[in-house]
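To start, the structure itself, in structure tokens.
Below, read A as the first sequence line, B as the second, and so on, with proteins coming before strands; counting in each chain starts at 1.
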Number of protein chains: 2
Amino acid sequence: MFVQPIETTSNQPIVDWRDFAPCAAPLFACAPEVVGTSFNYVRDEEIYGEREDTQFIYKVISGAVRTSKIMRDGRRQIGRFYLPGEFFGLELGKQHNLSAEAVADSKIFLFKRRQIEAMAQRNMEAAREMWLMTADHLRHAEDHLLLLGRKTALERLAAFLIEMDMSHGNCGLFELPMSRRDIADYLGLTLETVSRGFSELQKKQALELDGARHVVLRNRAFLGAMGA
Amino acid sequence: MFVQPIETTSNQPIVDWRDFAPCAAPLFACAPEVVGTSFNYVRDEEIYGEREDTQFIYKVISGAVRTSKIMRDGRRQIGRFYLPGEFFGLELGKQHNLSAEAVADSKIFLFKRRQIEAMAQRNMEAAREMWLMTADHLRHAEDHLLLLGRKTALERLAAFLIEMDMSHGNCGLFELPMSRRDIADYLGLTLETVSRGFSELQKKQALELDGARHVVLRNRAFLGAMGA
DNA sequence: CGTTACCTTGAGCCTTCTCAAAAGTTGTGG
DNA sequence: CCACAACTTTTGAGAAGGCTCAAGGTAACG
């Protein structure tokens with residue numbers, strides 16, 4: 001159920017090119033010719049489907065997004081979670097290779113792919129910035145291959161917690177926006193194994209859970225060593 | 001053991017930009033300003049290491065290459081195999097994220113990263129072509145995530161055979177350049193499970209083995225359905 | 001023709017999965 | 001504010017797919 005975004009009727013750009021730059025990259029001084037449109041998605045709503053045409057490029061404002069592939073019999077692999085500030089859906093091909101859904105109620109900015117492409121044609125720095133984004137996604141995927149192919153359940157969980165902590169500023173305290181099933185499908189496990197893993201890590205004093213989704217890391221060195 | 005490539009002393013370009021284009025992409029008409037140098041690697045020789053600086057971009061002429069990550073205790077995950085005609089080692093970051101080794105004795109072309117980067121700065125089409133290459137690698141990695149996270153041993157093997165067949169022109173007949181251990185580390189299995197899988201597929205009349213590495217596919221529809 | 005590396009097969013084990021049920025959490029309406 | 005329903009998470013018990021360890025077979029090479 002792809003929902004067509006509502007275009008703004010205003011001529012004022014809502015978001016300029018600087019917002020399109022990844023957070024880690026130096027900001028641009030180029031023209032605010034690329035405008036975005038805000039849109040809200042409810043939990044589990046599809047943002048785009050696998051093999052669907054690439055019309056937009058997306059930025060998470062609030063909430064969280066997952067990209068995934070699903071097999072005919074229902075087995076699912078989540079490629080990555082996207083948290084506020086992160087971009088997704090940028091692909092060079094005509095069609096998306098993964099689908100994207102909202103993990104929780106989310107506010108997303110949509111940029112027209114045509115505009116982005118046109119800008120990349122004219123602006124060398126912008127083109128490089130987008131290449132950089134693709135390269136960053138590739139690096140994440142490559143790291144995840146090692147996790148899925150060779151790490152144990154507890155190692156995967158540790159790596160996941162460290163990753164989540166990092167994207168929350170390494171403060172050792174964060175709220176998980178996704179369910180145990182989402183985590184399981186990200187880590188190539190079952191939700192029961194994920195749950196058992198959390199219990200195990202609590203027993204090892206590596207973390208505390210306040211409710212199922214509020215995490216406090218108690219031994220980040222241990223988790224880091226285990227997940228790496 | 002990284003071996004420094006021998007630079008050509010000739011001013012004649014050995015390879016021009018057209019050779020740098022991925023096979024699937026339209027060829028370029030731009031200047032042959034990028035020159036490459038041929039180099040031979042013996043089986044299992046390291047081409048570059050993980051975290052090593054990105055000095056070159058590589059094209060397989062003959063033989064085969066694997067890129068991989070290794071954990072401290074020796075567990076290894078192979079990211080991808082590269083066969084003749086394919087490029088690898090193209091990264092935007094300062095350092096490689098995976099290491100690369102020759103699977104068999106191989107002839108490789110090396111292109112200076114600096115030259116490639118400079119060209120991308122000047123030539124929009126070339127820049128796009130390189131972005132496309134990164135995007136293609138990302139797509140492959142994403143497909144592989146589903147394989148590693150969710151597929152059974154036999155499904156992984158079937159997918160691998162179909163992939164190998166495709167890169168040999170879908171003729172249903174090819175020579176595997178890599179060992180059972182390499183295949184296992186690519187598919188997130190042990191070499192014994194890979195071997196058992198081959199035997200099982202032979203029993204199912206899906207393929208024939210003439211020696212351990214010469215493969216004849218007998219039922220590609222079956223393998224395709226199983227691997228997808 | 002012997003040596004070495006690689007591949008296959010077997011037996012038993014272990015991590016993770018499956019199935020099931022209980023416990024906890026959230027939201028809603030009386 | 002409480003009761004109830006729906007959903008999520010945790011925990012338990014047993015099953016199974018793939019792993020480990022081990023032995024034997026095959027092919028390449030000096």
Review point. Checking side-chain contact (heavy atoms from CB on, under 4.5 Å) for the pair Thr37(B)/Phe56(B): CA distance, chi angles, key distance, verdict?
Key: CA-CA 10 Å; Thr37(B) 306; Phe56(B) 300 97; over 6 Å; no

Donor-acceptor contacts under 3.5 Å from residues 219-228 of chain A side chains, at least two apart:
residue, atom, partner, partner atom, Å
Asn219(A), OD1, Phe222(A), N, 3.1
Arg220(A), NE, Asp165(A), OD2, 3.4
Arg220(A), NH1, Asp165(A), OD2, 3.2
Arg220(A), NH1, Asn170(A), O, 2.8

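- With no hydrogens or angles considered, a side-chain donor-acceptor pair links His96(A) and Glu91(A) at under 3.5 Å.
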Determine all donor-acceptor pairs shorter than 3.5 Å in which one atom belongs to a side chain in residues 66-74 of chain B; sequence neighbours excluded.
residue, atom, partner, partner atom, Å
Arg66(B), NE, Glu101(B), OE1, 2.8
Arg66(B), NH1, Asp182(B), OD1, 3.3
Arg66(B), NH1, Asp182(B), OD2, 3.1
Arg66(B), NH2, Asp44(B), OD1, 3.1
Arg66(B), NH2, Glu101(B), OE1, 3.4
Ser68(B), OG, Ser99(B), OG, 3.4
Lys69(B), NZ, Asp143(A), OD1, 3.1
Lys69(B), NZ, Glu50(B), OE2, 3.4
Lys69(B), NZ, Asn97(B), O, 2.9
Lys69(B), NZ, Asn97(B), OD1, 3.3
Asp73(B), OD1, Arg75(B), N, 3.2
Asp73(B), OD1, Arg75(B), NE, 3.2
Asp73(B), OD2, Arg75(B), NE, 3.0
Asp73(B), OD2, Arg75(B), NH2, 2.9

Point to revise | Step-by-step side-chain contact (heavy atoms from CB on, under 4.5 Å) determination, Ile47(A) to Val65(A) | key: CA-CA 9 Å; Ile47(A) 299 168; Val65(A) 170; 3.7 Å; yes

Exercise for review: Going 5' to 3' through nucleotides 4-23 of chain C, assign each nucleotide B (protein heavy atom under 4.0 Å from a base atom), S (under 4.0 Å only from sugar-phosphate atoms) or - (no protein heavy atom that close).
Suggested key: --SSBBBB----SSBB----

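- When DNA chain D is scanned in the 5' to 3' direction for atoms under 4.0 Å from non-hydrogen atoms of chain A, the outermost contacting nucleotides are dT8(D) to dA13(D).
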Donor-acceptor pairs are to be reported for all side-chain atoms of residues 191-204 of chain B against protein atoms at under 3.5 Å, with residues two or more places apart or in another chain.
residue, atom, partner, partner atom, Å
Thr193(B), OG1, Thr190(B), OG1, 3.0
Ser199(B), OG, Ser195(B), O, 3.3

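- Contacts of Asp105(B) classified as side-chain hydrogen bond (donor to acceptor under 3.5 Å, both in side chains), with partners at least two apart in sequence or in another chain: none.
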